[in-house]
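The model shown is predicted, which means the values in this text are computed figures rather than measured ones. First the proteins, then the strands, lettered A, B, ... as listed; each starts at 1.
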Protein chains: 4
Amino acid sequence: MNRDSEISPEATDRRSRKREEKRQTIIAAAERIFHEKDLSHISMEEIAREADVAAGTLYNYFPGKEALFLEVFVNKLTPLFDEALAEWESDAPFKEKLRLVVNLHMSFIHSHKGFYEFLMTLGQPDFTAPGPFTGLVELCEGYLTRQTRAFERAQESGEISNTLSPKFLARALRSLCWGMATEAVNRRKTQDLDSEVEPILELFWKGIAQ
Amino acid sequence: MNRDSEISPEATDRRSRKREEKRQTIIAAAERIFHEKDLSHISMEEIAREADVAAGTLYNYFPGKEALFLEVFVNKLTPLFDEALAEWESDAPFKEKLRLVVNLHMSFIHSHKGFYEFLMTLGQPDFTAPGPFTGLVELCEGYLTRQTRAFERAQESGEISNTLSPKFLARALRSLCWGMATEAVNRRKTQDLDSEVEPILELFWKGIAQ
Amino acid sequence: MNRDSEISPEATDRRSRKREEKRQTIIAAAERIFHEKDLSHISMEEIAREADVAAGTLYNYFPGKEALFLEVFVNKLTPLFDEALAEWESDAPFKEKLRLVVNLHMSFIHSHKGFYEFLMTLGQPDFTAPGPFTGLVELCEGYLTRQTRAFERAQESGEISNTLSPKFLARALRSLCWGMATEAVNRRKTQDLDSEVEPILELFWKGIAQ
Amino acid sequence: MNRDSEISPEATDRRSRKREEKRQTIIAAAERIFHEKDLSHISMEEIAREADVAAGTLYNYFPGKEALFLEVFVNKLTPLFDEALAEWESDAPFKEKLRLVVNLHMSFIHSHKGFYEFLMTLGQPDFTAPGPFTGLVELCEGYLTRQTRAFERAQESGEISNTLSPKFLARALRSLCWGMATEAVNRRKTQDLDSEVEPILELFWKGIAQ
DNA sequence: GATGAATGAGCTTTCATTCAT
DNA sequence: GATGAATGAAAGCTCATTCAT
C-alpha cells in the first residue's frame, strides 16, 4: 500500500512499456553483434556500446551474459518454429509443405546465420549438462519432435516412402537445410539462397518419394 | 669455414628430428584437450601442462595459439581427406564409393567431434577474412573441389542423374554426414553411428540415382 | 501571506509525522539485514526491498549508506546506554549494579551481535579520522566516560579497591563482556549466554573487591 | 625426463628461492595494507602496487584474495602461538607465565592490530561455515585449547583457584588482552601499551588466585 | 632451447549514487 | 516525495604473450 500510493496506473504502464522497449533494444543489439561473431568473442561492453547504454545497464535487464543470449535465441527461434509447425500441420500436399518449410528455414538462416552456428554447438558437454542453455536445447528438441510426427503421418497416409525412420528424415532435412544455408552464407552468396531451395527439395523428395 | 662449419650434418639431423618430435608431442597434447573443450576455453598453460613442457616453450614451436591449432587441424584433416580422395578416384561403382566415403567421414567425426564443430565456424567473418585459419579454409575447399569433380565424372559417365549440379551434391553430402554425425554424437549414441550410414546412403542414393 | 500561508499546521504535522515513520521503517529494515550480514555485503537495493520502497527513496531520507547506518547504530545503542547508565547511577550495592549491567550488555549482544562486531572496527584509521561514524565513536566514548565515573565513585566510597584506575576498570569490564559474549554467540551457544554472566561477575568482582 | 633435462639443480634452487622471496614480498605488502584497512576495502590492485608487481602476478602466487590473506594470517599467528605455548608449558610460577604471555600478546597486537580486528569476525556465519578461513579458525581454536590445558594444570596443582572453568579463564584472558590492546591502539596511545600489562595481570590474578 | 615468472589488457559483474519522470 | 532506470567506476580474476635466466 506504501510504494504504489502515489503513482498513477498510466505512469506505471508507460514505464513498463519503456522498459520492455529497452529490453528489446538490448536484445536487438546483441543479436546484431552475434550475427558477426562467436559468442565467446562478444563482450558485454560491446553489446552495451551497440545498444547505446552503459555496461551496468545490461544487468538491470538480464542477470548475466548467458541469460541475455538465451533470450536472444528463444525470441528469434520461437516465431520461426511456430510458423514452420503451422505449415507442417496444414492439409497441403506433403511436397508443398516441404517446399515451404525449406524456404522458411533457408530464409531465416539467411538473416540469422549466427544462430545456426551456435545451435550446432548446443550438443557439447557444456550445454547438454543442465545449464544456462537447457531451455534452448529443449525448445529445439520440441520442434524436432513435432516435425518428426509430420513425417510419421505422411508415411502412414502413404504420401512418402516408409523405408526410412521419420526421426531420421526430420534430422536429415534439418542437416541439409543448415548445411546448405551455412555454406551459402559463408561464401557471401546470400543472393543465391533461394536458388538453393529447389535442389534440396528435389534431392530430398526423390529420396523419400513413394 | 662458414658459420655452420662446426656442426656435423648428423647432429643437425638429430636435432631437427628431436625438434619435430616435440612439435608433434605438443600438437598431440593440444588435440587431446580439444577433444574435450571449446577452443576458447583451452589455455596455453593447459596445453603446456598436458605436453609436459613450460608455457614459454610452446612459443618456440608455434607463433601463437591460433597457429598451433591450425596445425592441429591440418594434421588431422589431411590424412582423412587423402584417404577419401583416393576412394573417390578409384574405379569402384559409384554407390560403393559413396558408402565408403560416408563411412570414413562418420567414423572420423565419431572420434573427432570437436573438429567438425570448429569447422562449422570457419565461415564466420573472422575467419574468411584472411586470417589465422585461412589455410584451413583452403584445405577444406580443395577437398570439396575434388569431391565435386568425382560427382561430375559420375554424371558424365551416366552413373548418376545429372539433374543437380555436382557442386550442390558435394555440399549436400557433406551437410548430411556432418549433421547426422553431430546429432548422433551429441546424443551420446555413438555406438549407433554405423547404423546411420545406411539411411544416409539410401536417402542420398535414391535422390541421385539415374 | 508568506510562502507557507496555504499549508495548515496540522497538515505540516501530519506530513512530518509520516516522514518520521518512514525513516523508522527504513532504519528498521537496515537493522534487520545488518543482523545477518557484514556492512560491506549489504546493498542499498537490498535495504530498499526490505523496507518496501524504491532505492532512490532512501536518498530522500539519508544522504548515503554510511549516514543511514550511523542512525541505525545510534538508535539501537542509545537506549542500551541510557538503561545502563540509569543502573550505574542508582543506589544499589555496587556488585548488584555490576551484575545488572553485565546482564544488560550480554543480552543486548545476544540479539545484536553484528553491532558489536562493527563497533570493534570503529577504531580503525578510516573511522577515528573525522568521518561518517565520528558521531558513533563519540557516543561510545561518552558512555565509557560516565561508566568510568561510576567506578570512581565506588572507589571513593570504599566499595571497591582503588588499586586499578577507574578508566582501566571500565574498559576491562567492556572487554570482558564483549569478548565473552562474542565467543558465545560465535559458537552458537546462545542459550548459554546467561550462564556466562556469573563467571564474569565472579572473576571481575574478586579482582576489584576491597 | 623431458622438462628437467636441461636445467641444473642449482638454477632450479635459485629460482625457487626467488619465488619464495617474492611470495614473502607479497605477503608483507598485503600485511602492511591490512594494518591500515578493513579486508573488504583492500583491493588486489592495491596490494600489487604496494608489492611493486602487476595485478596478475598475485595470481601466480595465490589462487585468490582470500587465500592470500589466509597465508598472511597464518604466517603471523603461528610464531606468536608457538612462543606463547612454549611459555605456558614451562615450569615457571603461574603468575610469571601469565605476565609473559600477556606481554607477548599485547606487544603483538601493538604491531599487528589489524589481525585482531579480523580475528574477532571469524565467528561470523560467513567464516564458521566451512570456507576459505576454516584453517585459521582451527589454528586459533587449537591455541585456545592448549591454553585451556595450562589453566587446568594450574588448578590441579593448586596454583590457582578452581572456582571458574579453565575454558572460561582462557577465553576471559584472551578477551581482556584483545579488548585492552585494541582500545590502546585505537587511541594511538601505543606507547602506553606496556603500562597496560600490569593492571590486566593484577585484575586477572586477584580474580583467580587461590 | 627451455623455463616459468611477469605482464597488462581484457573479461564479467556489482553497486552507491543520480536524476528524469 | 517516490520511483526505478541509468550510470560508471570499481572489483576479482584469466590468460596469451614476452623475456631474463
Side-chain angles (χ1 to χ4, degrees), chain A residues 2-8 11-12 14-16 18-19 22-23 40-48 52-66 68, chain B residues 15 18-19 22 40-49 53-66 68, chain C residues 15 18-19 22 40-49 53-66 68, chain D residues 2-8 11-12 14-16 18-19 22-23 40-48 52-66 68:
Chain A
N2 217 342
R3 62 188 326 177
D4 292 339
S5 57
E6 324 231 5
I7 307 287
S8 71
T12 305
R14 208 171 45 130
R15 193 171 268 180
S16 76
K18 281 227 158 191
R19 187 173 170 83
K22 181 144 286 185
R23 261 184 84 86
S40 69
H41 292 104
I42 299 175
S43 76
M44 292 300 263
E45 182 59 38
E46 197 176 1
I47 297 169
D52 203 34
V53 296
T57 301
L58 301 182
Y59 291 85
N60 286 337
Y61 290 87
F62 306 94
K65 191 185 181 184
E66 286 177 328
L68 166 52
Chain B
R15 186 172 296 169
K18 280 226 155 192
R19 186 173 167 81
K22 184 156 281 190
S40 70
H41 290 106
I42 299 175
S43 75
M44 293 299 265
E45 182 58 38
E46 198 176 358
I47 298 168
R49 219 180 307 122
V53 297
T57 303
L58 300 182
Y59 290 84
N60 284 334
Y61 291 88
F62 307 94
K65 190 184 180 183
E66 286 178 327
L68 195 169
Chain C
R15 187 172 296 168
K18 280 224 155 194
R19 186 173 168 80
K22 183 156 281 189
S40 71
H41 291 106
I42 299 175
S43 75
M44 292 299 264
E45 182 59 38
E46 199 176 358
I47 297 168
R49 218 179 308 123
V53 296
T57 303
L58 300 182
Y59 290 84
N60 284 334
Y61 291 86
F62 306 94
K65 193 184 179 183
E66 287 179 327
L68 196 169
Chain D
N2 216 343
R3 61 189 328 178
D4 293 339
S5 56
E6 324 230 6
I7 307 285
S8 70
T12 305
R14 210 174 39 133
R15 194 170 268 182
S16 75
K18 281 227 158 192
R19 188 174 169 81
K22 182 145 286 185
R23 261 183 83 85
S40 70
H41 291 102
I42 299 175
S43 76
M44 292 301 263
E45 182 59 38
E46 197 176 2
I47 297 168
D52 204 33
V53 296
T57 302
L58 300 183
Y59 292 85
N60 287 337
Y61 290 88
F62 306 93
K65 191 186 180 183
E66 286 178 329
L68 166 52

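- Using a 4.0 Å heavy-atom distance criterion, B:I42 is classed as a sugar-phosphate-only contact.
- We find that CE of B:M44 is positioned 14 Å from P of E:dT3, with the value rounded to whole Å.
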Could you pull out all donor-acceptor pairs under 3.5 Å where a side-chain atom in residues 54-61 of chain D meets a protein atom, sequence neighbours excluded?
| residue | atom | partner | partner atom | Å |
| --- | --- | --- | --- | --- |
| D:T57 | OG1 | D:A54 | O | 3.4 |

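- B:F62 comes within contact range of no nucleotide atom at all, as no heavy-atom separation falls under 4.0 Å.
- For the pair C:H41 NE2 and E:dC15 P, the computed distance is 8 Å after rounding to whole Å.
- Remark on DNA chain F: of its neighbouring residues A:V53 and D:E45, the 5'-side contact belongs to A:V53, judged by nearest-heavy-atom nucleotide.
- Taking atom CD on A:E66 and atom P on E:dC11, their separation rounds to 16 Å, with Å as the unit.
- For A:N60 and F:dA5, a side-chain-to-base donor-acceptor distance below 3.5 Å is absent, hydrogens and geometry of angles not being considered.
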Report each atom pair, protein N/O against N/O of nucleotides 19-21 of chain F, whose distance is under 3.5 angstrom.
| residue | atom | partner | partner atom | Å |
| --- | --- | --- | --- | --- |
| F:dT21 | O3' | D:R14 | NH2 | 2.7 |

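- With rounding to the nearest 0.5 angstrom, the CZ atom of A:R19 is 7.5 Å from the CZ atom of A:R23.
- Going from atom CZ of C:R49 over to atom C1' of E:dC15 covers 12 Å, rounded to whole Å.
- Between D:A55 and C:S43, the residue anchored closer to the 5' end of DNA chain E is D:A55, taking for each the nucleotide with the nearest heavy atom.
- Residue A:K65 has no polar side-chain atom (N or O) positioned under 4.0 Å from OP1 or OP2 of E:dC11.
- Following rounding to the nearest Å, B:Y61 (OH) and E:dG1 (P) show an atom-to-atom distance of 7 Å.
- A close approach under 4.0 Å does occur between a side-chain nitrogen or oxygen of C:K22 and OP1 or OP2 of F:dA2.
- Taking side-chain N and O atoms only, C:R19 has a distance below 4.0 Å to OP1 or OP2 of F:dG1.
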- Note on the structure: Read 5' to 3' with Watson-Crick or G-U pairs under 3.5 Å, [ ] for crossing pairs and | for partners on another strand, DNA chain E gives .||||||||||||||||||||

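- Looking at C:E45 and C:R49, their side chains come closer than 4.5 Å, going by heavy atoms from C-beta outward.
- Summarising the geometry, the separation between CG on B:L58 and C1' on E:dG1 is reported as 13 Å, rounded to the nearest angstrom.
- With rounding to the nearest 0.5 angstrom, the NE2 atom of D:H41 is 11.5 Å from the OG atom of D:S43.
- In this structure, D:I42 and D:K65 approach most closely via the heavy-atom pair O-NZ, 2.7 Å.
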